[in-house]
Amino acid sequence: MSKRAAVALVATAMAVALTACGSGGSGGGSKDAAGGGSGALTVGFSQVGAESGWRTANTKSVQDAAKKAGVTLKFSDAQQKQENQIKAIRSFIQQKVDVIAFSPVVESGWDTVLKEAKDAKIPVVLTDRAVDSKDESLYATFLGSDFVEEGKKAGDWLVKEYQGKAEPVNIVELQGTTGSAPANDRKAGFGDVIKGDAKFKVVASQTGDFTRAKGKEVMQAFLKSQPKIDVLYAHNDDMALGAIQAIEEAGKKPGKDIKIISVDGVKDAFTAMADGKINVVVECNPLLGDQLMELVKKVKAGQPVERRIKTVEGVFTQDQAAAALPSRQY
């Protein structure tokens, strides 16, 4: 072969190689893929659903961060059903994504599908919610809030609020989705704090599925079945906001006739606090996107990461709400 022909052959080969690297190809993505481009790190992300303002903000944070980081995101909404989430994770495995991240609908029942991901050598990152698997090798790390601590913060505020008072305090509790980590842990943390004082009594506790509509519905039932309610403890703001509607429709004043403790920290809750309708909100930060993108890159590269990464959060009362409201991002 002549020298000129050899040079031409090499140039052609390089052009073909560059075309292959730069092309998106056919069938390489999905209709809900966002961010990134060809050759980028591909992450399959299964979200719980869109049951609350908090969850919507969490989803947007992840999607925006993926675009900013150049990560191709394959997104799936489980609509609060575990079977949908398991199906999505199996789809991610079939698509051979680089990393799987998901916020589990409930704590239990994940070992089989996580074992499938492990066998496929696809690392898994848990976001926002944990699983109760005894085999911690099934996931690389967990990024999210300490829900037990959030429950304790809610209980601490209540104990301080009624310090020095001997009269019974009747509490109703709007729990999150049955079996979910935040519902289990926020209940446990709250209970651990108030059990030391006999005047605190949870007279009714029922799931409101983290939704505003169900929160209103269950609170209506509480108001009919309980002759005296002093405090409402809601596992999230959306349920608290729904309960406020029920309380007002019953002719009572939320925040005064019934004190309200909530968890999350969405803008609507801060507005309700500024209006005197919610007494305290324990913050749960949904803006995990940037941290998640950093983690998936490290995990894929085989770099060491902490097994448990907590988010930094605070507690806000009525006197702080108006000042904090303009800076709320969700």
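FYI, the numbering just counts along the sequence from 1.
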Trainee: So does K199 have more than 12 non-hydrogen atoms from other groups sitting under 6.0 Å from NZ?
Mentor: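 It does: K199 NZ has more than 12 such atoms within range.
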
Trainee: Show every donor-acceptor pair shorter than 3.5 Å between a side-chain atom in residues 297-304 and any protein atom, with sequence neighbours excluded, or say none if there are none.
Mentor:
{"from": "K297", "atom 1": "NZ", "to": "A69", "atom 2": "O", "distance (Å)": "3.1"}

Trainee: May I ask you to decide whether R55 forms a salt bridge with D264, counting only side-chain N to carboxylate O separations under 4.0 Å?
Mentor: no

Trainee: Is it true that D135 and K115 have a side-chain N and a carboxylate O under 4.0 angstrom from each other?
Mentor: no

Trainee: Could you please spell out the steps behind the salt bridge (Lys or Arg N to Asp or Glu O under 4.0 Å) verdict for D146 and R308?
Mentor: CA-CA 10 Å; D146 186 332; R308 177 72 170 91; 5.2 Å; no

Trainee: State which residues pass side-chain hydrogen bond (donor to acceptor under 3.5 Å, both in side chains) with N184; sequence neighbours excluded, sorted by chain then number.
Mentor: E107

Trainee: Determine whether more than 12 heavy atoms belonging to other residues, nucleotides or ligands lie under 6.0 Å from atom CD of Q329.
Mentor: no

Trainee: For residues I229 and F222, determine if any side-chain heavy atom of one lies less than 4.5 Å from a side-chain heavy atom of the other.
Mentor: yes

Trainee: Regarding Q175 and S205, do their side chains bring together a donor and an acceptor under 3.5 Å, going by distance alone?
Mentor: yes

Trainee: When you look at D238 and K214, which way does the salt bridge (Lys or Arg N to Asp or Glu O under 4.0 Å) test go after all the steps?
Mentor: CA-CA 9 Å; D238 277 76; K214 194 67 182 290; over 6 Å; no

Trainee: Are R328 and E283 ion-paired here, with the side-chain N under 4.0 Å from a carboxylate O?
Mentor: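 Answer for the salt bridge query: yes.
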
Trainee: Check whether any side-chain heavy atom of V124 sits under 4.5 Å from a side-chain heavy atom of F102, and report yes or no.
Mentor: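 Side-chain contact under 4.5 Å: yes.
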
Trainee: Name every donor-acceptor pair, under 3.5 Å, that has one atom in a side chain of residues 247-258 and the other anywhere in the protein, sequence neighbours excluded.
Mentor:
{"from": "E248", "atom 1": "OE2", "to": "K277", "atom 2": "NZ", "distance (Å)": "3.0"}
{"from": "E249", "atom 1": "OE2", "to": "K216", "atom 2": "NZ", "distance (Å)": "2.9"}
{"from": "D257", "atom 1": "OD2", "to": "K253", "atom 2": "N", "distance (Å)": "2.7"}

Trainee: Look at K228 together with D230 and state whether they make a salt bridge at an N to O cut-off of under 4.0 Å.
Mentor: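 Salt bridge flag = yes for D230 with K228.
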
Trainee: Without hydrogens or angle criteria, can the side chains of T317 and D319 be said to hold a donor-acceptor pair below 3.5 Å?
Mentor: yes

Trainee: Give a yes or no on this: more than 12 heavy atoms of other residues, nucleotides or ligands lie within 6.0 Å of atom CD of E306.
Mentor: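 No, CD of E306 has 12 or fewer neighbouring heavy atoms, counting only those of other groups under 6.0 Å.
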
Trainee: Ring-plane angle category for Y162 and F200, please: parallel below 30°, perpendicular beyond 60°, tilted otherwise.
Mentor: perpendicular

Trainee: Take a 6.0 Å sphere around NZ of K259 and say whether it holds more than 12 heavy atoms from other residues, nucleotides or ligands.
Mentor: yes

Trainee: Answer whether the closest heavy-atom distance between the side chains of D237 and F270 falls below 4.5 Å.
Mentor: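 Of all side-chain heavy-atom pairs linking F270 with D237, none is under 4.5 Å.
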
Trainee: When you compare the side chains of N285 and T311, does any donor N or O come within less than 3.5 Å of an acceptor on the partner?
Mentor: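 Distance-only check fails for N285 and T311.
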
